[in-house]
4 protein chains.
Amino acid sequence: MLRIGLLGCGRIGQVHAGSIKVLDDATVVAVADALPAAAQALARTTGAEIRSADAILASGDIDAVVIGTPTDTHFDLIQGAARAGKAIFCEKPIDMSVDNIRDCMDVVVAEGVTFLTGFNRRFDPNFAALRARIAAGDIGAVELVTITSRDPAPPPVSYIVRSGGLFRDMMIHDFDMARFLMGEEFVRLHAMGAALVDPAIGEAGDVDTAAVILTTASGRICQISNSRRAAYGYDQRIEVHGQKGMLRAENQLETTVELATQTGFARAPAQHFFLERYQAAYLSEMRAFVDAATGKGTADPGIHDGLQAQILADAATLSRETGQPVDLTG
Amino acid sequence: MLRIGLLGCGRIGQVHAGSIKVLDDATVVAVADALPAAAQALARTTGAEIRSADAILASGDIDAVVIGTPTDTHFDLIQGAARAGKAIFCEKPIDMSVDNIRDCMDVVVAEGVTFLTGFNRRFDPNFAALRARIAAGDIGAVELVTITSRDPAPPPVSYIVRSGGLFRDMMIHDFDMARFLMGEEFVRLHAMGAALVDPAIGEAGDVDTAAVILTTASGRICQISNSRRAAYGYDQRIEVHGQKGMLRAENQLETTVELATQTGFARAPAQHFFLERYQAAYLSEMRAFVDAATGKGTADPGIHDGLQAQILADAATLSRETGQPVDLTG
Amino acid sequence: MLRIGLLGCGRIGQVHAGSIKVLDDATVVAVADALPAAAQALARTTGAEIRSADAILASGDIDAVVIGTPTDTHFDLIQGAARAGKAIFCEKPIDMSVDNIRDCMDVVVAEGVTFLTGFNRRFDPNFAALRARIAAGDIGAVELVTITSRDPAPPPVSYIVRSGGLFRDMMIHDFDMARFLMGEEFVRLHAMGAALVDPAIGEAGDVDTAAVILTTASGRICQISNSRRAAYGYDQRIEVHGQKGMLRAENQLETTVELATQTGFARAPAQHFFLERYQAAYLSEMRAFVDAATGKGTADPGIHDGLQAQILADAATLSRETGQPVDLTG
Amino acid sequence: MLRIGLLGCGRIGQVHAGSIKVLDDATVVAVADALPAAAQALARTTGAEIRSADAILASGDIDAVVIGTPTDTHFDLIQGAARAGKAIFCEKPIDMSVDNIRDCMDVVVAEGVTFLTGFNRRFDPNFAALRARIAAGDIGAVELVTITSRDPAPPPVSYIVRSGGLFRDMMIHDFDMARFLMGEEFVRLHAMGAALVDPAIGEAGDVDTAAVILTTASGRICQISNSRRAAYGYDQRIEVHGQKGMLRAENQLETTVELATQTGFARAPAQHFFLERYQAAYLSEMRAFVDAATGKGTADPGIHDGLQAQILADAATLSRETGQPVDLTG
């Protein structure tokens with residue numbers, strides 16, 4: 001039984017608590033949150049104790065931590081947990097600073113603790129199946145990856161301002177997915193973007209619509225497009241072309257019902273809410289963490305993957321600002 | 001070069017004339033129609049002469065006839081053409097009387113002439129591909145066939161009255177398709193139907209909505225449903241279940257365009273007009289007739305198939321009227 | 001908090017226990033099973049006590065029972081639970097004898113207890129959405145319903161023998177769905193069937209492939225087809241035609257991934273396992289039962305629906321054996 | 001009756017001759033080709049005379065020319081035809097030199113002759129319907145366009161060498177489509193590409209896999225990807241995102257047949273051959289030319305569109321070679 005301390009009792013912490021409840025070989029021993037009410041609510045649901053974050057890091061009855069606190073607290077918590085020898089699950093982004101992530105990686109490596117970065121989409125059954133088919137050689141060598149990722153609606157500008165920008169907040173998932181599918185690191189990136197959805201996002205210095213091209217040393221290409229708006233639901237699609245064909249994962253629709261009338265054939269919108277869309281992924285992700293922490297599996301994506309995605313997000317941010325491609329081999 | 005006399009210059013005659021124009025090894029030598037204007041119009045388009053039907057049957061420069069005249073004229077034309085040794089293409093239904101069809105069959109067989117019954121749907125590329133895959137063993141032995149056939153809108157009641165009823169006018173195509181796909185004759189049939197689309201059709205003694213179950217001696221089952229109405233286009237679908245799986249042919253939509261908005265994903269209606277839907281089938285059908293008439297292929301479906309479909313249509317009409325199943329082995 | 005006694009700890013009992021665990025306002029207080037090991041296993045998972053069925057019916061701390069025991073025990077349990085004033089959830093079929101179901105209905109009505117029949121498919125989000133759209137008038141008056149229901153593979157013949165036959169064991173779900181969607185009782189039914197999948201099923205007196213047509217007094221038609229085999233997964237589809245168009249619910253596939261190679265475009269099989277396919281339905285069904293038992297909703301489908309479906313299943317069994325249609329108005 | 005002189009009797013000339021045959025108000029009077037056999041073959045099929053290209057330009061009985069000769073002959077033929085006052089249909093690319101196209105445009109404008117550039121895809125019923133829906137406001141203002149265009153297999157390297165490269169030979173169609181759909185000129189472009197399909201293409205200085213991002217002054221984005229290989233057919237897809245939703249056009253498959261077996265659901269490949277895929281487009285394109293030449297419609301796309309597409313193709317070629325974005329506003 002893996003004994004877990006849950007750091008952060010907000011929405012994502014609750015999701016992870018729900019997943020752990022379903023697992024037979026893990027339990028939440030203690031929860032911590034800066035807001036007492038949040039910690040109390042989750043303690044009630046899980047039956048866990050409330051402790052401070054520091055107490056959790058120091059607890060002898062805790063084997064692993066799940067970090068779902070605000071990004072600027074990750075650095076200290078990771079350092080502390082690693083030094084205490086605890087397995088670490090950390091939400092993305094690990095840190096806004098690539099240097100900080102490198103520091104964390106050093107400690108994690110030095111201490112030899114399990115570290116899983118919360119790129120939940122790798123665990124989506126559709127994307128995981130797509131990846132497995134690439135690995136099985138169904139389309140031969142990968143040549144071109146196209147990722148489409150669109151949120152149903154933009155977050156408030158107050159969130160945008162603190163988010164690090166679209167490339168670090170939203171496209172970072174797609175950068176990780178691109179690496180996951182391509183199987184070769186990128187050497188060059190060019191990002192373009194604009195505020196087409198909401199001018200206020202542009203005034204805040206960010207974009208809400210963006211496209212990026214990345215290439216690898218062997219010439220493989222990845223296209224990513226993002227938008228903060230999609231009327232028809234949470235748009236999450238992937239298309240991979242290889243020597244022998246194409247693999248693509250379509251959206252999950254709300255139902256399988258189709259209505260045919262004189263205007264044609266109408267199906268339901270895509271699932272709107274990310275918790276609904278990635279429900280299976282969140283559970284599978286926590287399953288993988290518990291397996292890794294208990295020696296039954298490897299921690300993948302690891303802290304190195306979190307670092308690489310952040311490097312790409314930084315490069316895209318720079319490329320969009322300068323209008324120039326960025327060399328990633330430096 | 002197969003020299004063809006076209007009997008009947010109405011809509012279907014024009015379709016066949018258009019198909020023959022595309023073929024390199026056939027030509028329309030003469031056309032005939034009870035309405036001089038219709039004959040003139042088609043003569044102009046094809047460059048053919050206008051002759052009487054009798055003259056065409058007697059013409060030494062004509063190898064084959066395409067019969068697209070009203071059903072009650074088929075009997076005499078078939079007899080005449082067969083005795084004149086001409087290859088015969090005849091629109092369905094061959095005749096409203098099964099006895100008459102048997103008489104025609106006797107003459108056709110005795111004279112040894114080519115005879116192709118105009119069950120155009122067998123030549124539809126989709127249904128032909130489906131059939132080919134059954135023949136290739138892709139689903140193993142056939143167990144259950146489901147045919148859905150719905151017209152976009154009912155014809156005028158004046159047409160219904162003279163049509164022989166839904167089973168002989170409309171479902172006859174599906175009876176032929178059922179035989180084509182099943183590969184085993186039916187031994188029992190039960191038809192149900194009602195006038196749900198237009199009460200005037202019911203008052204005229206016919207139905208506009210109907211379903212039939214047929215079974216074969218070995219227990220295989222076929223379901224057919226028909227309606228005179230389909231808001232979303234001309235609905236023409238087939239589903240075949242076998243030992244190893246299912247084959248199905250979906251509708252051809254007007255375009256491949258899909259619109260995604262907050263209400264969901266909307267595609268175009270099915271093609272509405274039967275000439276558009278079966279354009280490729282009509283051409284392929286005439287190609288097959290010319291091949292058969294010139295010794296390069298066999299005439300399939302033949303007059304026997306026209307007879308069998310009519311027998312099923314008669315049985316369905318009876319079954320619907322009596323409310324009882326009909327034994328087809330008698 | 002609704003206090004539930006779970007009668008029967010087999011597969012379906014475990015499913016219901018899992019659903020109740022997710023609900024906040026219901027709890028399993030006690031479980032019973034003829035097999036001690038089964039009761040112990042479920043007691044461990046749920047934290048419930050083990051009691052005898054009789055003790056559960058007599059328990060003052062139990063408000064409701066969930067009956068998932070073998071069919072031949074239902075009669076006594078329903079009678080006992082109703083007399084004890086407990087809300088009743090009962091798996092289908094309620095009883096193999098229509099007379100017995102009528103007796104149960106009398107007691108349930110006399111005692112005024114909540115009774116929900118476990119026709120889980122009504123609660124499937126897809127089928128429920130389809131029904132809601134009919135109710136919303138999206139296709140106008142219903143004219144033709146086509147239900148396709150195929151199991152991935154046949155059960156052992158030992159199960160078949162005790163099952164009451166395909167119409168009572170399998171198609172009963174579709175009879176209920178047909179009534180649910182049609183909104184008008186059926187007056188006539190004709191069933192055909194054969195053992196095409198496995199001759200041993202035929203030797204056991206049952207069929208494994210069947211089709212039924214039903215009609216209502218106003219002439220509406222329903223087609224149902226069943227097979228004990230579907231290579232491509234658990235095939236569960238519905239198509240409803242009305243005045244203004246068609247509604248259909250397609251299968252849920254295992255993933256959304258599509259592979260395109262030189263042979264074409266390949267998608268995943270349909271979900272194979274009924275517990276996976278109807279996972280959401282089982283949860284929603286138990287939600288509805290708890291709501292009904294606590295006065296927050298109505299029990300629908302009720303015992304009357306269980307009775308009607310059994311009447312149709314009996315009629316289909318008879319029709320298939322005699323080869324004749326059955327009048328349902330008697 | 002528009003009297004047409006056909007310049008070039010190769011494959012595309014034959015396509016246009018076939019289209020003209022179908023039109024009632026146009027006829028091919030004369031054909032010309034450097035290869036006598038090619039001219040003879042097409043003369044036979046069309047019933048047209050054989051003349052030299054110069055003779056056609058000088059013929060008083062010819063109103064319009066259809067230019068399907070090698071690209072390096074276009075310049076002189078356009079100049080000659082325009083000065084002779086003839087309506088001009090010219091295959092893309094108009095010329096490999098943007099300066100030459102500008103010179104042609106000057107003459108065409110000065111002489112006031114009809115000029116239609118053969119961007120056939122604008123006339124594809126699917127893409128035309130998609131464009132019409134954008135124009136109708138179905139998705140509001142366009143924000144992001146994604147075009148996927150993949151040939152089934154690469155042409156011989158001998159063709160590649162003379163083709164001007166992938167961007168001018170293949171992606172030029174997509175550049176035109178991008179302008180057609182976006183409705184705003186592009187100001188910036190970045191192209192990436194590699195020879196992943198065949199190293200010999202790389203040795204010839206070209207790429208076979210490429211992706212381009214373009215942006216407009218208002219920040220709208222277009223992604224285009226091309227490959228010389230697609231195992232599953234001729235891949236021609238478009239996706240357009242706007243304020244209110246998405247429009248996409250999928251591939252046309254060879255048939256509508258789907259096979260379901262234990263590996264899942266398999267549909268047919270996309271139509272492989274461009275003449276089959278764009279059959280309707282070629283006919284509609286010639287219809288539009290005849291309309292424009294006879295004063296019944298406007299010539300769209302005109303020579304200006306041919307020029308703009310060539311400018312984008314040149315820029316993409318440069319961008320790919322330098323690795324830098326290209327400013328298009330200069």
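By convention in this document, chain letters (A, B, ...) are assigned in the order of the sequence lines, proteins followed by strands, and residues within each chain are numbered from 1.
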Problem - Residue, of B:Ala231, B:Ala211, B:Gly193, that accumulates the most heavy atom pairs under 4.5 Å with chain C - result: B:Ala211
Practice task
Would you name the heavy atoms of B:Ile221 and C:Ala210 that are closest together and state the gap between them?
Solution key: CD1-CA, 3.9 Å
Completion exercise
In terms of heavy-atom pairs under 4.5 Å with chain B, the winner among C:Met246, C:Arg220, C:Lys244 is C:Met246
Problem - Selection from B:Ala141, B:Ser218, B:Gly323, B:Ser227 maximising heavy-atom pairs under 4.5 Å formed with chain C - result: B:Gly323
Problem - Expected output: side-chain B:Arg188 to main-chain C:Met192 donor-acceptor under 3.5 Å - result: no
Exercise for the section: Would you mind checking which part of C:Ala230 comes under 4.5 Å of any heavy atom in chain B, side chain (CB onward), backbone (N, CA, C, O), both or neither? Expected result: neither
Problem - Contact origin within B:Leu196 toward chain C - heavy atom pairs under 4.5 Å - result: both
Handout entry: From CA spacing to verdict: salt bridge (Lys or Arg N to Asp or Glu O under 4.0 Å), B:Arg248, C:Glu250
Key = CA-CA 13 Å; B:Arg248 58 178 169 180; C:Glu250 257 294 332; 2.7 Å; yes
Practice task
Measure C:Val207 against the heavy atoms of chain B and call it side chain, backbone, both or neither at under 4.5 Å.
Solution key: neither
Practice task
Might you confirm whether atom CD of B:Glu254 has over 12 heavy atoms from other residues, nucleotides or ligands at distances under 6.0 Å?
Solution key: yes
Handout entry: Student check: side-chain heavy atoms of B:Asp235 and C:His241 closer than 4.5 Å
Key = yes
Handout entry: Neighbourhood of chain B inside residues 256-273 of chain C, taking heavy atoms under 4.5 Å as contact
Key = none
Problem - Heavy-atom contact with chain B under 4.5 Å, split by part of C:Thr146 - result: neither
Problem - Contact class of B:Ile213 relative to chain C, heavy atoms under 4.5 angstrom - result: both
Fill in the blank from the handout: Heavy atoms of C:Pro325 and B:Pro325 approach each other most closely as CD-CD, 3.5 Å
Completion exercise
Ranked by heavy-atom pairs below 4.5 Å to chain C, first place among B:Gly219, B:Cys222, B:Ala194 goes to B:Gly219
Exercise for the section: Please name the pair of heavy atoms, one in C:Ile224 and one in B:Gln223, separated by the smallest distance, quoted to 0.1 Å. Expected result: O-NE2, 3.6 Å
Problem - NZ/NE/NH1/NH2 to OD/OE distance under 4.0 Å, B:Arg150 and C:Glu239 - result: no
